[in-house]
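Chain identifiers are assigned alphabetically (A, B, ...) following the order of the sequence lines, protein sequences preceding nucleic acid strands; residue numbering begins at 1 within each chain. Just so it is clear, the structure is predicted and the values come from calculations on it, not from any experiment.
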Amino acid sequence: MSFLDILQSIVPIALFYSAPLIFTALGGVFSERSGVVNIGLEGLMVMGAFVGIVFNLTFADTFGAATPWISVLVAMVVSAVFSLLHAVASVSFRADQVVSGVAINFLALGLGVFLTKQWYGKGQTDMVSQPFYSQNIPLLSDIPILGSIFFEGVYLTSYIAIIFAIIAWFILYKTSFGMRLTSVGQHPMAADTNGINVYAMRYVAVMISGALGGIGGSVFALTIALNFSQSTIVGQGFMSLAAVIFGKWHPLGAMGAALFFGFAQSLSVISSGVPLLEDIPKVYLTIAPYVLTILALAGFIGRSEAPKANNQPYIKGTR
Amino acid sequence: MFTNRMFNILVPVISVLLGLLAGAIIMLSFGYNPISGYIALWNGAFGDWYFFGETIRQVTPYIFTGLAVAFAFRSGLFNIGAEGQVLVGWLAAVWIGTTVDAPMFIHLPLAILAAFLAGAFWGFIPGILKAKLGVHEVIVTIMLNYIALYSTNAIIRSVLTDREDTTDKISESASLSADWIMQLTAYSRMHYGILLALLVAVLIWFLIDKTTLGYEIRSVGYNQHASRYAGMNVGKNIIFAMVISGGIAGLGGAMEGLGTFGYMPAHSGFTNIGFDGIAVALLGGNTALGVVIAAFLFGTLKIGALNMPTGAGVPSELVEIVIALIIFFVASSFVIRWMLLRLKKEGK
Amino acid sequence: GASDEEDTANNTEDTTSTEETESAEGTDEDATEESEATDFSVSMVTDIGGVDDKSFNQSAWEGLEAFGNEHGMSKGEGYDYAQSSSDSDYMPNINRLVRGGYDLVFGIGFMLTDAITEVAGQNPDTNFALVDAVAEGDNVVNITFKEQQGSFLVGVAAALKSESGKVGFVGGEESELIKKFEVGFVAGVKSVDSSIDVDVQYADSFGAPDKGKAIAANMYNSGVDVIYHASGATGNGVFAQAKDIKNSDSDANAWVIGVDRDQYEEGTIGDTNVTLTSMVKRVDIAVQEVAKSAMDGEFPGGEILEFGLEDNGIAVAKTNEEAYTADIDTAVEEWKQKILDGEIEVPSTDEELESYQDSL
Amino acid sequence: MEDSVIEMLNIRKEFPGIVANNNITLQVKQGEIHALLGENGAGKSTLMNVLFGLYQPEKGEIRVNGKKVNITDPNVANDLGIGMVHQHFMLVDTFTVTQNIILGKEPKKYGMIDIKKAEKKVAELSERYGLKVDPSAKIRDISVGMQQRVEILKTLYRGAEVLILDEPTAVLTPQEIKELVEILKSLIKEGISIILITHKLKEIMEVCDRCTVIRKGEGIGTVNVSETSTDQLAELMVGREINFTTEKSEANPKEKVLSITDLRVKDNRNIEMVKGLNLDVKAGEIVGIAGVDGNGQSELIEAITGLTKTESGSVLLNDKDITNFSPRKVTESGVSHIPQDRHKFGLVLDFPIGENMVLQTYYKQPYSKNGILSYKNIYQKANELINEYDVRVASEFTHARSLSGGNQQKAIIGREVDRSPDLLIAAQPTRGLDVGAIEFIHQKLIEERDKGRAVLLISFELDEIMNVSDRIAVMFDGQIVANLKPTETNERELGLLMAGSKKEKVGEQ
Ligand SMILES: Nc1ncnc2c1ncn2[C@@H]1O[C@H](COP(=O)(O)OP(=O)(O)OP(=O)(O)O)[C@@H](O)[C@H]1O
Ligand SMILES: Nc1ncnc2c1ncn2[C@@H]1O[C@H](COP(=O)(O)OP(=O)(O)OP(=O)(O)O)[C@@H](O)[C@H]1O
Ligand SMILES: [Mg+2]
Ligand SMILES: [Mg+2]
């Protein structure tokens, strides 16, 4: 394969692999910047995948080609509501945020599979008839070379994810909402004395993470797995969490990290076809993405500072 | 008057009850009979000696992974990597168990030690990266989980065997299982590991609460600056904590390799022993005793759940939900305390 | 439930609509012979795939259900299953059923080998059957399949279908069992046209659709136009990719060959379908046969039953008429005959494959 | 009180276990600077937090400009024109000065924060009230003094007419305090009324019009500053007499304990802060390092105590070279250190106070044997110290977090002094403490000296330096620029030296 061919096969794969991680990681960025650790991302993705698939299966005939999009919206809403549990526990009930995050993971998977068995009488759903399909982005795909690499046979969702990342950056760094949210995660009491409602901010942030996690999960399910089961979401949520930290709690950083995972992953797939790499034992290619991540962190990313108030319930009048 | 001690006992108990209650409500609303559901659960866990044995067997690794995660937490570190540490520990134990041949009093300890060292090494990596470069342990441990999964599989397939899916059985001299236990529990796979688990729990309790090492660990966990000021070597403590934590998780793997299975299959996914360990640790409030109790609860529910479909037609996932809710209630203990106080006031 | 019954129903239709109908009838006759209910009871333990994994667990369960219905049993009374959610559940599940007094307990999948061996040793009075692997014990029957044969035939189909001269194989995890699929497939392809090259890749997991999709994307990208997958849920990703390609260009060549059951359903996209065919493993037939012999007191304990083309334990699905054309069919049938006549011995390991290719 | 802007009448505020404010009345006149005086834990911050809407009082009423109000949260307070500068700054240190000031009240343009406009506004304000700040600097990079000016600007930006300052001077250098006083005066001119919490009676006498005193949560009364004296105030506050000029016998220095030669140290931003410094401290003398914050004092201490590595030069303790020893080795060679930041370094706030008492010695007999802790001995020791240094705390098992700053400090000093070190380093030992506590701590330091220990005192407060030290070493720009006797100098001269304006031969005596 020529270098160009390699690029041409790597990029689209990396893009669809990363998209769900980007959405979810952005969610993580919001909730953690407000001072609420979110180990529950995995669970939020599970919920998103479950809802996305169920809705798609149920309403495919009603909505036709629009079904996947509507499914994602529904998944978004439901997961946002679901994430309220995490908000209530860790903001109002002063629960240890890690604990309640872990609970979210258990609950989502339990509910998802339980209900699947209730509604479909089996542990996994059928395949959806209206998944997301890749396409050539109009105009952009006509750009010579670049067009064929970046905009042919790609999923809109991938680019929406990237756009979301930019929007998230804008919200967090350019709007008062973003500044307040960040202040709540850095120094809640300072925010409070400035008349910002710490609890409200954190509720909103957690629900945003729920919404984005829901999108991430449903996009994964409707692009890649096409059905829901126990093993639809296995670890993608944790990879997203890693992306949040890897990206130093910065939306664009998180996006970068997610894309990094995607590229590493597709590289490891492609390389078994690349002459030089063919002879390396398979396992090295398989673990390469994870090893690379660690090396990157140790090498040039280094120390990353979590938001100061992370994992601390805010109680008025204590320092 | 509610003393703190009473709270610390009451709150978890109430949480468990609430969790089970919620579970019952769910069963009702989906047209199952909660009574028979829970009876099936109970019988599945303690119905007869066999299932009792299996429950204990399930509890054993949970104690280890729970302790591992809890120990790291006490020093301010979040070890999501127990999963991977279990896998490498399992592999190391089986490796020694299958390849070495020596009398039991050497072979068994050797295999267990190997598991500990393997896990410890898997904990050492995030430990040193955190201590020297400030790399966040959470990512590193997540990545190491995957690396462990794939490389142990590769080793099983291409080093320990010739493209087989499971290693050979370990030799008797490295096995934790005992005939008399099997006899007693009608061939359950309960094994000596539980004793080791309880022993380690006691050791950890002692280490954390009673020794200078534990004092340092806790101090570093709370305030690294003050610990440095006080002359403690923060980096050393972080590494130490992760190494011990990883080692204990590794022992959890040994339980599977030398006790439950006696071999190691190539895993198509994570065992979840490590991930469940996080929940166990948190349920147990990161204390040794708490972890042991939480592990028993967890093991009971998990094994009992297997009997719910056959015994009462209830999908076993219901138990996952119950577990989740219990964790929530424990986490929200603040509210439960508050309610208890209210009740007390009303009482007067 | 309802939706489930339906689709499993038409599944069995799909599969029986392949040409083992005689055997199906055969079992029916037996049924009429002695349909009065017996006190015989049979059950199975799934591996982590679960009883509805659209694969051999499900197929086995359908077998048990069919058997149960024949003999006037119902789930819970007469036949039942236990589902395993992790490797450590096999033992307690098998034991639970043994204690439940079942006369015959099936272990589905090679993962259960050790569990069955051990429990069988501990319970000499109960009969056991293990699917896809071999366990010691003279109260154990081992049910294996000649997957290489079916894989060979779908290989033939792939070779004939391929226009690019490139086909692919996606395996779950590298293992003896999956090797049989891979080797058989390659042999089949090469027998038709040794110039066709086969791109073989493993996902290192039976549950990684994302990786499956990535691999498929890469393969189709590099000109492969038929992919045979033996990778469980990872295969979902392969189907997803094929359908995606089909969607953007309806006359593109992106075919998938399913495994274990007829995966026609998985291939549907609009009014076309990307499933060329499937290598069908009739675990249901095997299960019913063994159950029956056990009930009749002719339990072949200690034996290794190898189901293959000859006894319809292995078949090739023909559901997708428009893709699986008549001439492909005739060719496949010819090769099948050769195998049945013993003209060719289908290889099942790399070594055998080499010698086989040299013989071409 | 027709012209009272603020009236707090019979306020009562309880916390679990304690009554922090018990029927306290405070009335502030338009345009005055009103002092609020009381011991540590007397209830000052609480009372102000009530006024600012952070706490809700159990009893009592609040009036603003005669109107009864119900201040449910800081927003209400802001709208009523009440602004508060907290004792622990409420600043997000990853934000810029401007961001901190506008947080919660941001000027917007198309939904975006209009940062340009904001910075202009900030510039105007700082112009108008003479509060010098760098609008685009990050909080974490600016001096404490500037951080405080930011806090004040925050309140002005919100249009505060009543300004509450909780111990503003505790963290300031003399120069900064002078500036602050000027600022306060100009604020009054602008018609703003100020409530000032401070433990420094001199400041009250200097700038305040009236002073309300509270003791152990009870209101003692309000006095006109012009009609009172520091002694009277002190007595009102503590309920007994206090003598300020800590009288002490002549020091009789003996052999060198600490001797530092040509020491060079860089800070964490890798800037050289200590530039070839020389310093000796002899047994039985207290050497006070006078200097403006940021002239390398912190780095000097960290270098001696092994918390940072030195670039070059040597630190000798009893002629033994301890340069770049680990903190533990330094401690073991006989150095005690009362750290500047008690919350960050001094204590593990989540440990019981008892376990905090053995932070450096837990691994030694009798607190542990063969690596096993003896809680019996630990808590016994803790009890001794708690009594000896009268740390006001429920029990030795209470967590350090819930102690008042004053008591936290006493605990630390007890722990450090009790190790009977050869060298005792005391950095800002009395910051934020009430006169009672200060008196007590000064006596302790002098006792130690008389026991023949070398004491190195670092303080930004000149009268502390003047009162306590036997020898003053003035530190400027990373060097000791002067060595003087308190008797042979005065605040003016010191001030000039500290500002670096007057160099002088560094003479050893
Ligand atoms: N949030 C709180 N919870 C419990 N007790 C508190 C709280 N805030 C203050 N207290 C207690 O109330 C009393 C008064 O505290 P306050 O902060 O008013 O003292 P202070 O006068 O400000 O002391 P300092 O001079 O050290 O600032 C102290 O005993 C303190 O321990
Ligand atoms: N959650 C709490 N529980 C008990 N006491 C508290 C709590 N929070 C604060 N306090 C006490 O309230 C008082 C007010 O705290 P403040 O912020 O004024 O510190 P401080 O006492 O002045 O000490 P410092 O001057 O060192 O800051 C202090 O005595 C502090 O110990
Ligand atoms: Mg105060
Ligand atoms: Mg104070």
Side-chain angles (χ1 to χ4, degrees), chain B residues 1-5 7-8 70 73-77 131-134 202-241 244 285-288 334 337-338 340-342 344-345, chain D residues 16 268 301-302 305-308 325-333 335-352 354-365 367-376 378 397-401 408 412 415-416 419 425 427:
Chain B
M1 182 60 215
F2 282 108
T3 65
N4 237 336
R5 181 172 222 76
F7 271 125
N8 297 341
F73 263 124
R74 291 304 282 279
S75 61
L77 299 165
K132 300 281 173 239
L133 300 171
V202 174
L203 287 178
I204 291 297
W205 162 78
F206 188 80
L207 176 67
I208 292 181
D209 288 5
K210 297 280 173 236
T211 69
T212 53
L213 276 173
Y215 181 92
E216 288 195 12
I217 293 278
R218 287 180 286 133
S219 170
V220 170
Y222 284 132
N223 182 343
Q224 298 197 355
H225 301 286
S227 307
R228 245 185 102 241
Y229 154 88
M232 304 172 193
N233 182 335
V234 173
K236 198 196 85 208
N237 273 284
I238 288 177
I239 298 173
F240 174 75
I244 296 296
N286 297 325
T287 66
F334 159 75
R337 280 163 195 267
W338 180 79
L340 284 174
L341 285 170
R342 284 288 300 280
K344 195 176 109 261
K345 283 216 182 70
Chain D
N268 47 15
I301 300 171
E302 290 182 353
T305 53
L307 286 167
T308 36
F325 269 25
S326 72
R328 164 116 343 147
K329 295 261 272 322
V330 173
T331 314
E332 285 178 336
S333 4
V335 177
S336 278
H337 172 199
I338 300 161
Q340 207 176 98
D341 184 334
R342 54 178 98 111
H343 293 151
K344 190 173 174 193
F345 290 102
L347 296 163
V348 177
L349 290 172
D350 296 298
F351 268 175
E355 294 189 33
N356 268 295
M357 288 304 199
V358 293
L359 209 52
Q360 297 98 329
T361 48
Y362 61 91
Y363 62 96
K364 291 215 185 103
Q365 299 254 30
Y367 311 121
S368 69
K369 197 147 176 290
N370 323 328
I372 298 182
L373 295 167
S374 152
Y375 285 101
K376 193 170 133 296
I378 291 176
F397 303 106
T398 359
H399 281 192
R401 181 178 300 285
Q408 290 173 340
I412 294 172
R415 179 184 71 205
E416 294 307 310
R419 282 212 309 282
I425 302 174

Fill in: Between CD1 on residue D/Ile372 and CZ on residue B/Phe206, distance to nearest 0.5 Å
3.5 Å

Worksheet item: Taking atom CZ of B/Arg228 and atom OG1 of D/Thr305, what is their separation to the nearest 0.5 Å?
Response: 8.5 Å

Closest approach of [X] to [Y] (non-hydrogen atoms, all atoms of both residues):
| X | Y | answer |
| --- | --- | --- |
| D/Leu347 | B/Ala226 | O-CB, 3.6 Å |
| B/Gly231 | D/Pro327 | CA-CB, 3.9 Å |
| B/Tyr229 | D/Glu416 | OH-OE2, 3.0 Å |

Worksheet entry | Max heavy-atom pair count under 4.5 Å with chain B, selected residue of D/Asn356, D/Val358, D/Asn370, D/Val330 | D/Val358

Worksheet item: For chain D, which residues from residues 211-222 of chain B have at least one heavy atom closer than 4.5 Å to it?
Response: B/Thr211, B/Thr212, B/Tyr215, B/Glu216, B/Arg218, B/Ser219, B/Tyr222

Practice prompt. Could you tell me whether D/Lys369 atom NZ has more than 12 heavy atoms of other residues or ligands within 6.0 Å of it?
Written response: no

Worksheet item: Looking at side-chain heavy atoms only, is the closest gap between B/Met232 and D/Tyr362 below 4.5 Å?
Response: yes

Worksheet entry | B/Asn223 side chain vs D/Lys344 backbone, donor-acceptor pair below 3.5 Å | yes

Worksheet entry | Side chain / backbone / both / neither for D/Tyr375 at chain B, heavy atoms under 4.5 Å | side chain

Worksheet item: Of the backbone (N, CA, C, O) and the side chain (C-beta and beyond), which part of D/Glu355 lies under 4.5 Å from a heavy atom of chain B, both, or neither?
Response: both

